[in-house]
Participant: 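Okay, here's the structure, questions in a sec.
Throughout, protein chains are lettered first and strands after them, A, B, ... in sequence-line order, and every chain is numbered starting at 1.
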There are 2 protein chains.
Amino acid sequence: MRIGDLAARSGVSVRSLRYYEEQGLLASTRSAGGQRTYDDDAPARVEFLQRLYAAGLSSRTIAEVLPCVETPSRENTEDAFLRLRTERDRLSERIEDLTRTRDALDGLIEANRRHASAIAS
Amino acid sequence: MRIGDLAARSGVSVRSLRYYEEQGLLASTRSAGGQRTYDDDAPARVEFLQRLYAAGLSSRTIAEVLPCVETPSRENTEDAFLRLRTERDRLSERIEDLTRTRDALDGLIEANRRHASAIAS
DNA sequence: CTGGAACCTGTCACCGACGTCAGATGCGAG
DNA sequence: CTCGCATCTGACGTCGGTGACAGGTTCCAG
């Protein structure tokens, strides 16, 4: 699979795919002419990367966490594993915070709705 | 309350407070010498702004939503109200997405833990 | 009254993921 | 073989919320 195909399948720009590789997040083999070739796992991988980015992780953080995901061996995995749990906890806090914010917005909406109906009556 | 006090109380930099004002998100009266003065509601207001920023809203979006929050009158509130609900829904989707991501991370952690214990045994 | 801390405006720098352009090269269909 | 699309590398631009600095003014404690 070439980079254009991967981009089309994963819904990510070609630029981003090159960037992911530059950051050490996505591997590719090169053809004789130097063009990138991806295996069938790539789209899922890219989707996962997108997920982590959306969760607020930076490229560097993702890179630190990935060895834990890819090669669940030992040693160089130990701190990556800790990182992974740390990021999970951070995400958890984030979710709670966002939920509180949503509740606050709900409160505003409710107050506004009541106010509007009070005017209407 | 002067800008330094507000910054200290709300845990936001002086720079950011001036920026919020520049974006029309935070009002201040000026002293004779031109220095900003804030009333007692300001810290809560700033905290709320921080919440919205953390929820991923841009300054412009916050500005579009605020009239709905501040002056729950009618007319110029109508579309602000729609905006507010739109943003609430967007936030809701975001929360769901992050929750899915957290579940994915939990899956990885669990898999890794099992793998580690398999090695240990 | 005075000195120094706090404040003012204005401007430039930064970060990080990505857009975009340029110029060169690879690749496959006809 | 050739034409044209896809891909390559490298570089610069962008956006938004802030940091940081400069040069000047205001405020308050002593």
Participant: Look at all strands and tell whether A:Arg2 reaches a base, only sugar-phosphate, or nothing, counting heavy atoms closer than 4.0 Å.
Facilitator: sugar-phosphate
Participant: Measure the distance from CE on A:Met1 to P on D:dT7 and round it to the nearest whole Å.
Facilitator: 12 Å
Participant: In whole Å, what is the span from the CD atom of B:Gln35 to the P atom of D:dG24?
Facilitator: 18 Å
Participant: Between B:Gln35 and B:Arg2, do the side chains contain a donor N or O and an acceptor N or O under 3.5 Å apart?
Facilitator: yes
Participant: Taking the side chain as every heavy atom from C-beta outward, state whether A:Arg51 and B:Arg100 have any atom pair closer than 4.5 Å.
Facilitator: yes
Participant: Rounded to the Å, how far apart are B:Leu17 CG and C:dT9 P?
Facilitator: 13 Å
Participant: When the nearest nucleotide of DNA chain C is assigned to A:Tyr20 and to A:Gly34 on a heavy-atom basis, which residue is associated with the more 5' position?
Facilitator: A:Tyr20
Participant: Are OP1 or OP2 of C:dA17 and a side-chain N or O of A:Tyr19 less than 4.0 angstrom apart?
Facilitator: yes
Participant: Donor-acceptor check, side chain of A:Ser16 to backbone of A:Val12, threshold 3.5 angstrom: yes or no?
Facilitator: no
Participant: Counting just side-chain N and O atoms, does A:Ser16 come under 4.0 Å of either OP1 or OP2 of C:dA17?
Facilitator: no
Participant: Quick one: on DNA chain D, does B:Ala32 or B:Ser58 contact a more 5' nucleotide (nearest heavy atom)?
Facilitator: B:Ser58
Participant: Count the heavy atoms of every other residue, nucleotide or ligand shown that sit under 6.0 Å from CZ of B:Arg85, and state whether that count exceeds 12.
Facilitator: no
Participant: Within the pair A:Ser59 and C:dA17, is there a side-chain N or O less than 4.0 Å away from OP1 or OP2?
Facilitator: yes
Participant: When you match B:Arg18 and B:Gly33 each to their closest nucleotide on DNA chain D, which lands nearer the 5' end?
Facilitator: B:Arg18
Participant: Looking only at the side chain of A:Ile3 (C-beta and beyond, no hydrogens), which of the listed nucleotides C:dC18, D:dG19, D:dT7 gets closest?
Facilitator: D:dT7
Participant: Please state how far atom CG in B:Asp5 lies from atom C1' in D:dC28, giving the value in whole angstrom units.
Facilitator: 13 Å
Participant: When the distance from CD of B:Glu22 to P of D:dT18 is rounded to whole Å, what number comes out?
Facilitator: 12 Å
Participant: Does B:Ser31 put a side-chain nitrogen or oxygen below 4.0 Å from OP1 or OP2 of D:dT26?
Facilitator: no
Participant: Between the base of D:dT7 and the side chain of A:Arg36, is there a donor-acceptor distance below 3.5 Å?
Facilitator: no
Participant: B:Tyr38 has an atom OH; how far is it from atom P of C:dC8, in whole Å?
Facilitator: 7 Å
Participant: Figure out the CD/P separation between B:Gln23 and D:dG16, and round it to whole Å.
Facilitator: 9 Å
Participant: Could you please name the option among D:dA6, C:dA17, C:dC12 that lies closest to any side-chain atom of B:Arg15?
Facilitator: C:dC12
Participant: Starting at atom OH of B:Tyr53, determine the distance to atom C1' of D:dT18, rounded to an integer number of angstrom.
Facilitator: 11 Å
Participant: Check every strand shown and say whether A:Arg30 touches a base, only sugar-phosphate, or nothing at a heavy-atom separation below 4.0 Å.
Facilitator: sugar-phosphate
Participant: For A:Asp39 and A:Met1, what are the C-alpha separation, side-chain angles and deciding distance, and is it a side chain to side chain contact (heavy atoms under 4.5 Å, CB included)?
Facilitator: CA-CA 6 Å; A:Asp39 57 45; A:Met1 183 188 317; over 6 Å; no
